[in-house]
Amino acid sequence: MIAKEEVLDLLKSTESYRVERTTSTGNMDKFCEAICAFANDMPASRKNGYLIIGAYDDGSIAGMKVDDALLKKIAGIRSDGNILPLPTMSVERFSYPEGDLLVAEVRPSDLPPVRYRGRVFIRIGPRRDIATEAEERILAERRCSFMATFDATPCLSAKLEDLDVDYIKSNYLPMAFDEETLANDKRDIKEQLASIHLYDRDNDCPTYAGIILFGKNPKYFLLGDYVQFVRFAGKDKGGDILNERQFAGPLYKMLPTLESFVRDGIITQRPVPETLFRERTVWNYPEGAIRELLMNACMHRDYQANMPIRLYQFDDYIEVMNAGGLYGEARPENFPSVNDYRNPLVAEAMRMMKYVNKFNRGVTRVQEMLKDNGNPPAEFDVNAITAFRVNVHATNESDLMDSHKSTHKSVHKSNTSQTENTIEEKIIEFCNQPRSLSEIAAYCGFKNNRNFRERYLNPLIGRRIQMTIPEKPTSRLQKYVKFEDTL
């Protein structure tokens with residue numbers, strides 16, 4: 001609240017848009033309109049406004065007595081429901097030799113436009129008036145700019161030293177800006193970080209995005225910022241715990257660690273006999289699908305919650321669960337076609353570091369990879385308000401064998417025998433012009449692209465067929481063609 005000495009300065013203030021003086025004590029509409037106008041802060045000064053009762057327009061004190069009834073009446077304006085959203089204000093009585101003053105101090109609202117009985121009041125210099133449609137639109141746009149997501153808010157207890165500044169300078173900034181721009185940028189590191197919303201100038205501290213992405217110890221500020229892995233024996237949480245690990249730290253360190261763990265600690269492969277003399281390799285889960293789900297969990301989770309991201313593995317399925325349900329425009333009825341970002345700064349940084357692409361294809365890609373590997377579709381639970389859960393079931397060896405047998409039956413109907421040599425010859429014959437992996441696998445009667453590529457296609461590359469984009473072996477535009485054909 002303003003000090004007693006400062007009130008006298010306000011009486012003579014030339015900042016007329018911040019001060020309204022009156023000697024009236026009974027015109028409640030006038031008081032409410034003034035408070036509404038100060039809350040809307042049309043000049044965008046972000047300075048508090050003051051309704052001063054007991055003073056003339058020239059700033060002199062009228063000599064009135066402010067009793068408790070008037071004090072309660074003005075204070076009651078805040079919560080009587082006529083001004084919405086409720087204003088942030090305080091009311092105080094100040095006594096001077098010339099008389100009393102009642103001062104209502106009103107803070108600019110972060111959620112404009114503020115309305116009194118449905119109408120929007122603003123101050124234009126010393127005058128109070130009803131806002132036009134254009135002025136209401138300006139206030140509405142300002143509301144959107146004030147509503148910062150959690151990752152953009154300042155982490156007030158953190159300092160610059162809590163960020164891994166060396167990594168940001170040497171690795172991340174070169175990803176975000178080109179070499180010439182960085183060379184010409186002479187600002188200090190705080191200003192550079194503030195330009196990409198990793199530092200808050202006003203409070204001189206990192207934002208939560210900075211802590212989440214590059215903090216030396218994010219868990220100190222965000223207790224739930226880690227991934228909990230548990231391997232249960234059996235098919236539910238009642239089984240014995242076979243393994244337990246925690247993954248914590250800034251995302252730039254934690255994400256590659258998670259990738260390695262998925263590849264080495266979760267994904268398994270085993271040989272499955274196809275014929276008397278031949279085997280093929282089967283994976284329990286496609287590595288890319290589990291990776292995609294974990295990246296999305298880290299990107300979309302509610303970092304204000306104390307619950308960690310849960311990665312639970314059972315005998316025949318994996319459960320991934322993170323705090324925070326669907327966000328913003330994403331709702332159960334439009335999932336997964338509509339997406340929104342709870343942590344847009346974190347999402348953009350993850351895109352910059354090549355962990356996600358933000359094309360809203362994550363769920364579709366997961367389902368495609370599971371299908372190609374022979375897994376059932378992932379089960380997404382999107383109805384919970386405070387959590388997001390997905391279950392991924394492992395491949396079933398008997399199902400794979402049945403699928404393999406049925407595939408071979410259909411191939412046998414159109415061809416004679418499917419020996420390894422004849423499959424190779426079919427590939428070479430079909431690749432008389434550039435063909436994609438999916439096209440070749442389908443032509444040869446195989447559904448699992450990954451297994452087909454490793455078993456049949458890769459041994460021919462460099463020997464009898466070649467890639468159309470050899471410098472990018474994993475390109476989604478990659479095709480294969482016979483050696484004698486030109487690229």
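Note that the coordinates shown come from a computational prediction; the quantities given were computed from them, not determined experimentally.
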Report, as yes or no, whether the 6.0 Å neighbourhood of atom [atom1] on [X] holds more than 12 heavy atoms from other residues, nucleotides or ligands.
X	atom1	value
Glu244	CD	yes
Arg115	CZ	yes
Arg476	CZ	no
Glu180	CD	no

Would you say the side chain of [Y] lies within less than 4.5 Å of the side chain of [X], judging by non-hydrogen atoms?
X	Y	answer
Met369	Arg291	no
Asn432	Lys482	yes
Lys159	Asp204	no
Phe38	Ile122	no
Lys479	Arg435	no
Leu437	Gln478	no
Leu457	Ile465	yes
Leu163	Leu193	yes

Is [X] salt-bridged to [Y], cutoff N-O under 4.0 Å?
X	Y	value
Arg231	Asp315	yes
Arg464	Glu425	yes
Arg201	Glu191	yes
Lys47	Asp41	no

Atom of [X], atom of [Y] and distance for their closest heavy-atom approach:
X	Y	answer
Tyr303	Leu222	O-CD2, 3.5 Å
Asn383	Pro332	OD1-CB, 3.7 Å
Ser79	Leu86	CA-CD2, 4.3 Å
Pro218	Gly249	CG-C, 3.7 Å
Pro85	Pro113	CD-O, 3.9 Å
Cys36	Val114	SG-O, 3.2 Å

* To do: Please name the residue in the list Gln246, Met321, Gln228 that meets the side-chain contact (heavy atoms from CB on, under 4.5 Å) test with Pro308.
  =>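 Exactly one option meets the side-chain contact (heavy atoms from CB on, under 4.5 Å) with Pro308, and it is Gln228.
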* Asked: Looking at Asn322, Val230, Ile318, which hits side-chain contact (heavy atoms from CB on, under 4.5 Å) with Leu311?
  ->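 Among Asn322, Val230, Ile318, the one that satisfies the side-chain contact (heavy atoms from CB on, under 4.5 Å) with Leu311 is Ile318.
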Check: [X] side chain, [Y] main-chain N or O, donor-acceptor pair, under 3.5 Å:
X	Y	result
Asp162	Gly215	no
Arg187	Ser195	no
Asn284	Thr268	yes
Arg342	Gly325	yes
Asp200	Asp202	yes
Thr395	Trp283	yes
Tyr312	Phe229	no
Lys235	Phe314	no
Asn296	Gly362	no
Glu141	Ile138	no

* To do: Verify ring-ring contact (aromatic ring centres under 6.0 Å, His included) between Tyr341 and Tyr327, making sure each step is shown before the conclusion.
  => CA-CA 7 Å; Tyr341 294 96; Tyr327 177 80; 9.1 Å; no
Indicate the ring-plane relationship of [X] and [Y], choosing parallel, tilted or perpendicular according to the 30° and 60° boundaries.
X	Y	answer
His393	Tyr317	tilted
Tyr443	Phe430	parallel
Phe247	Phe261	tilted
Tyr252	Tyr167	parallel

If you measure from [atom1] on [X] to [atom2] on [Y], what distance do you get to the nearest 0.5 Å?
X	Y	atom1	atom2	answer
Cys298	Asp225	SG	CG	8.5 Å
Leu251	Asn343	CG	CG	9.5 Å
Asp340	Arg331	CG	CZ	10.0 Å
Ile309	His300	CD1	NE2	11.0 Å
Glu333	Leu326	CD	CG	9.0 Å
Phe221	Leu156	CZ	CG	11.0 Å

Distance alone, cut at 3.5 Å: any donor-acceptor contact between the side chains of [X] and [Y]?
X	Y	result
Thr132	Glu135	yes
Thr207	Asp151	no
Asn334	Ser337	no

* To do: Evaluate the criterion ring-ring contact (aromatic ring centres under 6.0 Å, His included) for residue pair Tyr456 and Phe446; output intermediate values, then yes/no.
  => CA-CA 11 Å; Tyr456 297 106; Phe446 288 83; 5.3 Å; yes
* Quick one: is the NZ or CZ of Arg119 closer than 6.0 Å to the six-membered ring centre of Phe121, and within 45° of its axis? ->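 Not flagged: Arg119 not positioned over aromatic ring of Phe121.
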* If you draw the axis of the six-membered ring of Tyr226, does the NZ or CZ of Lys219 fall within 45° of it and under 6.0 Å from the ring centre? ->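 Yes; both conditions hold, so Lys219 lies above the ring face of Tyr226.
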* **Audit row: Ser109, Asn40, side chain to side chain donor-acceptor pair (under 3.5 Å) steps and yes/no** => CA-CA 6 Å; Ser109 175; Asn40 279 318; over 6 Å; no
* To do: Could you list all the salt bridge (charged side-chain N to carboxylate O under 4.0 Å, His left out) pairs where at least one residue sits in residues 363-375, not counting sequence neighbours?
  =>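 Matches after skipping sequence neighbours: Glu292-Arg365, Arg361-Glu368.
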